[in-house]
**Q** 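The following block contains the structure, expressed as structure tokens.
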There are 2 protein chains.
Amino acid sequence: MLTDRQRQTLNFIRSYLGENGYAPKLKEIADHLGITSRGTVHRYIRALEDGGHITVMRDHARGIKLKDTEPERPDSPEDEAALPLLGRIAAGLPIEAIEHNETINLNDFFVRPGRFVLRVQGDSMIEDGIFDGDMVIVESSSTARDNEIVVALIDREEATLKRLQNHGDGSITLMPANASMQPFRYSAERVQIQGIVVGQFRTYQ
Amino acid sequence: MLTDRQRQTLNFIRSYLGENGYAPKLKEIADHLGITSRGTVHRYIRALEDGGHITVMRDHARGIKLKDTEPERPDSPEDEAALPLLGRIAAGLPIEAIEHNETINLNDFFVRPGRFVLRVQGDSMIEDGIFDGDMVIVESSSTARDNEIVVALIDREEATLKRLQNHGDGSITLMPANASMQPFRYSAERVQIQGIVVGQFRTYQ
DNA sequence: TTCACATGTTCTCACTCTGTTCTCTAGAAG
DNA sequence: CTTCTAGAGAACAGAGTGAGAACATGTGAA
């Protein structure tokens with residue numbers, strides 16, 4: 001369990017190492033944290049070492065090394081989840097004529113920790129091809145970039161699906177994709193991002 | 001049974017953990033809930049712990065952990081394909097307010113023998129929400145019922161995606177969902193059904 | 001080599017931050 | 001009425017933080 005300061009220290013060490021190829025000294029870490037005490041920094045270093053995040057060559061300047069972190073996904077052999085991807089339609093060929101080496105795995109496409117599915121109600125994004133009753137796959141996030149489709153909560157009450165426009169002046173606009181609806185501009189405090197739409201799907205019949 | 005506030009708290013902890021990899025502090029939860037009292041938040045935390053949803057390291061900042069009733073890293077491949085289905089958007093509720101016992105398994109939705117995926121080229125079905133570049137899941141079939149969206153081969157040459165209208169008199173019409181395109185009526189011999197569209201999906205970013 | 005200085009290490013003290021416990025008030029439901 | 005839930009906020013304890021002194025060790029220049 002890292003404290004905030006320990007995590008900030010670890011992140012700084014990582015980025016410093018990535019940038020320079022060698023570790024920072026305690027004074028540099030202290031400067032980055034906005035403090036003056038090397039002793040305090042040393043306490044963080046010690047905690048990170050105890051936690052197994054780094055190793056330290058004792059009494060050596062810049063003697064910090066990163067430990068290798070655990071592998072992301074060791075192995076996942078679910079070929080059963082794959083569908084053959086046959087190619088583009090309207091290519092002027094019968095389906096049978098298309099060679100299908102490629103397969104598509106819906107898990108790889110969509111399923112990640114921190115994601116969830118919402119069923120869409122309403123027509124506010126109909127011009128972006130998101131229809132009433134469709135499912136959207138949403139990645140949990142409290143921030144979003146300009147022009148992403150987001151699930152937003154307005155005044156902590158109303159959840160909507162809209163495209164985000166951040167004006168950078170403390171106000172944002174939520175743009176529907178429906179000519180019969182109006183974009184609305186809100187002060188940033190009133191709008192709470194709940195997630196970013198990363199996918200959409202629908203079944204027929 | 002959780003109260004609304006307890007569920008909102010639990011879901012916020014989940015999404016915060018998913019986003020950051022560490023738990024929020026009481027103050028952050030309070031901010032998210034729109035209240036100022038850490039004491040009140042603590043009451044929710046205690047209730048969630050009693051209910052077996054989380055465990056808490058006492059007297060430690062960010063000391064909340066999820067119980068494995070919610071697999072953060074699922075081990076079985078079946079579970080891996082499941083995404084929580086949170087509910088309908090625009091229902092006037094924050095996402096966190098929705099209880100999610102339900103999960104959705106994309107494999108169950110889409111993956112079956114005899115199905116394949118096509119990437120759509122062209123805008124012929126745009127008014128049905130199938131855009132250029134979207135993927136459609138097609139069930140192999142040489143027959144289709146009236147009004148289904150089919151992959152059809154015309155004169156054994158050109159494959160298209162259209163909605164089927166069977167007139168029962170030896171002729172059929174392939175209806176595009178695009179006001180700028182014309183429906184075409186063919187004698188049944190000229191049109192060969194290759195499959196029925198059973199699903200559609202798309203990724204953003 | 002020697003030596004001054006830089007750097008890492010250990011420690012304590014004062015202080016802040018966070019979680020915890022408690023009481024009080026208010027409203028809703030039965 | 002009672003009971004439940006919610007929110008505010010005071011008070012407290014323990015964990016975490018920062019400063020700085022004192023010392024140990026390593027480094028680089030003369």
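So you know, we letter chains A, B, ... as the sequences are listed, proteins then strands, and number each from 1. These values consider heavy atoms only, across backbone and side chains, with no hydrogens, waters or symmetry-generated copies.
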**Q** Rounded to the nearest angstrom, tell me the gap between atom CD1 in B/Ile45 and atom P in C/dT20.
**A**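 So the two atoms are 9 Å apart, to the nearest Å.
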
**Q** Once you round it to whole Å, what is the distance between C1' of D/dG16 and CZ of B/Arg62?
**A**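 It is 13 Å, rounded to the nearest whole Å.
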
**Q** For B/Leu48 and C/dG19, what is the distance between atoms CG and C1' respectively, to the nearest whole Å?
**A**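 Distance check: B/Leu48 CG to C/dG19 C1' gives 16 Å.
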
**Q** Pick the closest DNA chain C nucleotide for A/Met57 and for A/Asp4 by heavy atoms, then say which residue is nearer the 5' end.
**A**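 Upstream on the strand: A/Met57.
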
**Q** Which of residues 28-43 of chain A have a heavy atom under 4.0 Å from DNA chain C?
**A**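 The stretch gives A/Arg38, A/Gly39, A/His42 as the residues lying under 4.0 Å from the strand, ordered by number.
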
**Q** Quick check on C/dT21: is either OP1 or OP2 less than 4.0 Å from any side-chain nitrogen or oxygen of B/Arg58?
**A**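 B/Arg58 to C/dT21 OP1/OP2: side-chain N or O found under 4.0 Å.
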
**Q** Does B/Glu28 come within less than 4.0 Å of B/Arg62, counting only side-chain N to carboxylate O?
**A**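 Looking at B/Glu28 and B/Arg62, the cut-off is met.
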
**Q** Should A/Asp128 and B/Arg202 count as an ion pair when the cut-off is N to O under 4.0 Å?
**A**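 No, no charged N to carboxylate O under 4.0 Å.
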
**Q** How close or far is atom P of D/dG7 from atom CD of B/Gln6, stated in whole angstroms?
**A**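 For the pair B/Gln6 CD and D/dG7 P, the rounded distance is 11 Å.
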
**Q** When you check the side-chain N and O atoms of B/His32 and B/Gln8, is any donor under 3.5 Å from an acceptor?
**A**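 Judged by distance alone, the side chains do not pair up.
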
**Q** When the distance from OH of B/Tyr22 to P of C/dT18 is rounded to whole Å, what number comes out?
**A**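 The answer, rounded to whole Å, is 13 Å.
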
**Q** Quick one: is D/dC4 close enough that its OP1 or OP2 comes under 4.0 Å of any side-chain N or O from B/Thr3?
**A**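 So the side chain of B/Thr3 is outside the cut-off, no N or O lying under 4.0 Å from OP1 or OP2 of D/dC4.
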
**Q** Side chain of B/Lys25 only, heavy atoms from C-beta on: which candidate in C/dT21, C/dG19, D/dA6 is closest?
**A**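 Looking only at side-chain atoms, B/Lys25 lies closest to C/dG19.
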
**Q** When the distance from CZ of B/Arg46 to P of C/dG19 is rounded to whole Å, what number comes out?
**A**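 One finds 13 Å between P of C/dG19 and CZ of B/Arg46, rounded.
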
**Q** Should the pair A/Asp31-A/Lys27 be classified as a salt bridge under the 4.0 Å nitrogen-to-oxygen rule?
**A**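 Judged by the 4.0 Å cut-off on N to carboxylate O distance, A/Asp31 and A/Lys27 do form a salt bridge.
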
**Q** Do the non-hydrogen side-chain atoms of A/Ile45 and A/Ile29 ever get within less than 4.5 Å of each other?
**A**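 A/Ile45 vs A/Ile29: side chains touch.
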
**Q** Quick check on DNA chain C: between A/Val56 and B/Lys27, whose nearest nucleotide comes earlier from the 5' end?
**A**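 Upstream on the strand: A/Val56.
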
**Q** Measure NZ/B/Lys65 against P/C/dG19 and give the value in whole Å, please.
**A**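 To the nearest whole Å, that distance equals 15 Å.
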
**Q** Could you tell me whether the side chain of A/Glu139 reaches within less than 4.5 Å of the side chain of A/Arg115, counting heavy atoms only?
**A**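 Sidechains of A/Glu139 and A/Arg115: in contact.
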
**Q** Start at the 5' end of DNA chain D and walk down; is the nucleotide closest to A/Asp59 or to A/Tyr44 reached first?
**A**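 Final value for this comparison: A/Tyr44.
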
**Q** Could you state the atom-to-atom distance from CZ of A/Arg7 to C1' of D/dT17 in whole Å?
**A**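 From A/Arg7 CZ to D/dT17 C1': 15 Å.
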
**Q** If we check side chain to side chain contact (heavy atoms under 4.5 Å, CB included) with A/Val150, which of these qualifies: A/Thr143, A/Leu164, A/Val197?
**A**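 Answer after filtering A/Thr143, A/Leu164, A/Val197: A/Leu164.
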
